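Below is one structure; the comments refer to it alone.
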Amino acid sequence: MSSVTLRGICKKYPGDVVAVSDVNLDIADKEFIILVGPSGCGKSTTLRMIAGLEEITEGELFIDDKLVNDTPPKDRDIAMVFQNYALYPHMTVFENMAFGLKLRKTPKDEIRRRVEEAAKILAIEHLLDRKPKALSGGQRQRVALGRAIVRNPKVFLLDEPLSNLDAKLRAQMRTELTKIHQRLETTFIYVTHDQIEAMTMGTRIVVMKDGYIQQISSPQVLYDTPDNLFVASFIGSPQMNFADALVSDEGGVTYLTFGESKIALPESKGRKPSVLVYAGKEVILGIRPENIHEEEMFLSQFPNSLVNMSVDVVEAMGNETYLYMNAAGHDFTARVSNRSTVKTGDNIKVAFDTRRIHLFDKETERTITN
């Protein structure tokens with residue numbers, strides 16, 4: 001077992017600077033959990049408290065149901081991988097990977113077995129005699145992972161380990177890390193500010209902002225049913241579109257008006273008591289780029305949700321096209337087919353898939369309906 005439990009964890013620095021507030025989190029054995037959020041949200045501080053590199057101001061931390069608040073890092077049976085690799089330049093790859101085991105006075109035969117086994121998992125057997133300066137960024141990252149793997153820790157802590165790699169290598173390493181997690185069958189706690197990494201790798205994602213947890217769930221649940229405006233805006237690329245909209249109840253139909261556009265909500269969404277209570281008030285309308293359509297079949301399918309747009313930029317991505325548009329001062333991005341014939345400067349009609357509209361309270365920013 002290698003579960004991790006955080007109960008009311010807080011971190012305060014001198015001068016009443018609060019980095020992390022009241023974090024409650026249960027991480028199951030063998031889970032791949034991601035802490036994600038913008039810079040300064042407290043995710044790395046939380047990871048460092050789990051590692052024992054930062055002192056916990058308040059709360060309790062358990063690893064396998066054992067309280068470890070005052071347990072030194074070396075006795076927590078965890079391994080941490082940093083974004084800067086932290087390899088010893090004068091040592092070979094083998095020596096770097098074996099270093100921690102030598103400190104623990106592990107027998108030489110056992111060290112060689114573990115290093116060679118880890119090197120095979122990471123496909124770096126041919127690099128064991130090289131020094132770090134002779135390695136690429138991706139190879140150095142693999143060595144840093146290998147140094148952690150040879151220890152057979154209960155928990156792996158990874159702090160933005162891919163941020164120094166180029167885009168192609170980062171995508172490749174995401175897949176490799178997922179395979180490694182499946183092969184090792186141990187607990188991974190991974191910190192990143194990159195929501196694509198979070199969405200593609202994590203079994204669950206912890207979204208953080210200003211030291212507080214905003215929502216914990218699977219990637220798809222976070223995407224489809226965000227708890228608040230921040231989660232909705234942070235998860236998804238391109239991000240969700242937003243506009244201030246006035247709610248009205250007219251003849252048993254709920255409408256949203258923004259600028260010169262007025263769209264009708266379907267009964268299943270618009271007639272909810274939680275929505276009707278906002279009649280006569282402004283809310284924040286949210287809709288994802290893939291739910292804005294310019295094709296004729298969608299225009300006829302959603303006749304009560306048509307919006308006039310002026311197209312500012314057309315971005316062809318190969319397998320799809322992004323339309324950057326404007327409606328009465330509101331910017332919108334649509335993700336459409338690569339067969340689209342829309343051009344920059346066009347004035348077009350688009351249809352909002354009103355079944356996929358999200359509404360948020362303007363003051364609290366909490367979700368009204370997904």
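Both backbone and side-chain heavy atoms feed into the values below; hydrogens, waters and symmetry mates do not. Source: prediction; values computed, not measured.
Distance alone, capped at 3.5 Å, places no donor-acceptor pair between the Arg174 side chain and the Leu169 backbone. In this structure, Thr321 contributes its side chain and Met317 its backbone to no donor-acceptor pair below 3.5 Å. When atom types are taken as modelled, the side chain of Asp194 and the backbone of Ile196 share a donor-acceptor pair closer than 3.5 angstrom. Arg142 places a side-chain N or O within donor-acceptor distance of the main-chain N or O of Leu122, the cut-off being under 3.5 Å. Counting only distance, with no hydrogens or angles, the side chain of Thr257 and the backbone of Lys262 share no donor-acceptor pair below 3.5 Å. Between the Asn304 side chain and the Ile263 main chain, no donor and acceptor come within less than 3.5 Å of each other. With hydrogens and angles disregarded, no donor-acceptor distance shorter than 3.5 Å links the side chain of Asp29 to the backbone of Ser3. Listed for the Asn69 side chain is a donor-acceptor partner under 3.5 Å among the backbone atoms of Leu61. Not one N or O on the side chain of Asp26 forms a donor-acceptor pair closer than 3.5 Å with the backbone of Thr5. Side-chain N or O atoms of Arg76 include one that pairs as donor or acceptor with a backbone N or O of Val68 at under 3.5 Å.
Between the side chains of Glu95 and Tyr88, no donor-acceptor pair is found at a separation under 3.5 Å. Between the side chains of Tyr278 and Asp361, at least one donor-acceptor pair of N or O atoms lies under 3.5 Å. Side chains of Ser217 and Arg204: no donor on one and acceptor on the other come within 3.5 Å. Defined by atom type and a distance below 3.5 Å, a donor-acceptor pair is present between the side-chain atoms of Glu294 and Ser340. Judged purely by distance below 3.5 Å, without hydrogens or angles, the side chains of Thr57 and Lys12 never pair a donor atom with an acceptor atom. Side-chain contact annotation: Tyr190 with Glu160, donor-acceptor N/O pair under 3.5 Å absent. Counted by atom type alone, Gln214 and Asn228 present one or more donor-acceptor pairs between their side chains at under 3.5 Å. When only modelled atom types and interatomic distance are considered, Ser310 and Asn326 share no side-chain donor-acceptor pair under 3.5 Å.
Taking the salt bridge (Lys or Arg N to Asp or Glu O under 4.0 Å) definition, one finds that Arg48 meets it with Glu54, sequence neighbours left out.
A 4.5 Å side-chain heavy-atom check between Leu299 and Glu296 finds at least one atom pair inside the cut-off. The shortest side-chain heavy-atom distance between Ile180 and Ile121 falls under the 4.5 Å cut-off. The side-chain heavy atoms of Leu158 and Phe188, taken from C-beta on, include a pair separated by under 4.5 Å. Side-chain contact between Leu128 and Met97: present, with at least one pair of heavy atoms (C-beta onward) separated by less than 4.5 Å. Two residues are said to be in side-chain contact when any heavy atoms from C-beta on lie closer than 4.5 Å; Lys43 and Val191 meet this criterion. Within the 4.5 Å cutoff, no side-chain heavy atoms of Asn152 are placed close to those of Leu184. You'll find the side chain of Val155 stays beyond 4.5 Å of the side chain of Asp77, heavy atoms only. Looking at heavy atoms from C-beta onward, Asn241 lies in side-chain contact with Ile292 at the 4.5 angstrom threshold.
Distance check: Lys349 NZ to Asn308 CG gives 4.0 Å after rounding to the nearest 0.5 Å. To the nearest 0.5 Å, atoms CG (Leu285) and CZ (Phe258) are separated by 6.0 Å. To the nearest 0.5 Å, atoms OG1 (Thr333) and OH (Tyr324) are separated by 5.5 Å. In this structure, OG1 in Thr106 is found 10.5 Å from CZ in Arg113, a value given to the nearest 0.5 Å.
Geometrically, Arg151 does not engage Phe156 in a cation-pi contact, judged by NZ or CZ lying under 6.0 Å from the ring centre and within 45° of the ring axis.
Hydrophobic clustering, with ILVMFWY side chains joined whenever heavy atoms are under 4.5 angstrom apart, keeps Tyr255 apart from Val350. Note on Val275: it clusters hydrophobically with Ile287, by side-chain heavy-atom contacts below 4.5 Å among ILVMFWY residues. By the criterion of side-chain heavy atoms lying less than 4.5 angstrom apart, applied directly or through intervening Ile, Leu, Val, Met, Phe, Trp or Tyr residues, Ile50 is grouped together with Ile216 in one hydrophobic cluster. By the rule that hydrophobic residues join a cluster once side-chain heavy atoms approach within less than 4.5 Å of another member, Val307 and Leu323 end up as members of one cluster. Both Leu87 and Met173 sit in one connected hydrophobic cluster of ILVMFWY residues. Membership requires side-chain heavy atoms under 4.5 Å apart, directly or through other members.
More than 12 heavy atoms of other residues, nucleotides or ligands shown are found within 6.0 angstrom of CD on Glu110. Surrounding CG of Asp75 are more than 12 heavy atoms belonging to other residues, nucleotides or ligands, all under 6.0 Å away. Around atom CD of Glu260, no more than 12 heavy atoms belonging to other residues, nucleotides or ligands sit under 6.0 Å away. Annotation: Asn319, atom CG; neighbour count of heavy atoms from other residues, nucleotides and ligands within 6.0 Å is above 12. Surrounding CG of Asn338 are more than 12 heavy atoms belonging to other residues, nucleotides or ligands, all under 6.0 Å away. Counted within 6.0 Å of CZ on Phe242, heavy atoms from surrounding residues, nucleotides or ligands total more than 12; the atom is thus considered enclosed.
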Exercise. Yes or no on side chain to side chain donor-acceptor pair (under 3.5 Å) for Glu197 and Thr192, after CA distance, side-chain angles and deciding distance?
Worked result: CA-CA 7 Å; Glu197 282 181 24; Thr192 182; 3.1 Å; yes
Exercise. Checking side chain to side chain contact (heavy atoms under 4.5 Å, CB included) for the pair Ser337/Glu320: CA distance, chi angles, key distance, verdict?
Worked result: CA-CA 5 Å; Ser337 165; Glu320 60 190 3; over 6 Å; no
For this session: Could you please spell out the steps behind the salt bridge (charged side-chain N to carboxylate O under 4.0 Å, His left out) verdict for Lys168 and Asp166?
Result: CA-CA 6 Å; Lys168 183 180 178 182; Asp166 63 53; over 6 Å; no
For this session: Determine, step by step, whether Val206 and Leu25 satisfy the side chain to side chain contact (heavy atoms under 4.5 Å, CB included) criterion, reporting the C-alpha distance in whole Å, the side-chain angles of both residues, the deciding distance to 0.1 Å, and the verdict.
Result: CA-CA 9 Å; Val206 180; Leu25 181 59; 3.8 Å; yes
Problem set entry | Test log, rule side chain to side chain contact (heavy atoms under 4.5 Å, CB included), inputs Asp331 and Met325 | CA-CA 6 Å; Asp331 291 323; Met325 307 173 294; over 6 Å; no
Exercise. Is there a side chain to side chain contact (heavy atoms under 4.5 Å, CB included) between Leu222 and Val207 once you walk through the steps?
Worked result: CA-CA 9 Å; Leu222 287 177; Val207 183; 3.8 Å; yes
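Across all their heavy atoms, Thr187 and Ser2 have their closest contact at OG1-O, 2.6 Å. The two residues Gly52 and Pro73 come nearest to each other via the heavy atoms O-CG, 3.4 Å. When all heavy atoms are compared, the tightest approach of Asp159 to Ser44 is OD1-OG, 3.0 Å. Heavy-atom minimum distance, Phe360 versus Glu365: CD2-O, 4.1 Å. Here the closest non-hydrogen pair linking Ala243 and Phe332 is CB-CZ, 4.0 Å.
The pair Lys66-Asp64 does not meet the salt-bridge criterion, since no charged nitrogen lies less than 4.0 angstrom from a carboxylate oxygen. Between Glu116 and Lys120 no salt bridge is recorded (no basic side-chain N to carboxylate O distance below 4.0 Å).
Annotation for Val17: hydrophobic cluster partners, listed by chain and number, are Tyr13 (ILVMFWY side-chain heavy atoms under 4.5 Å, direct or chained).
Between Phe352 and Phe302, the gap from one ring centroid to the other reaches at least 6.0 Å.
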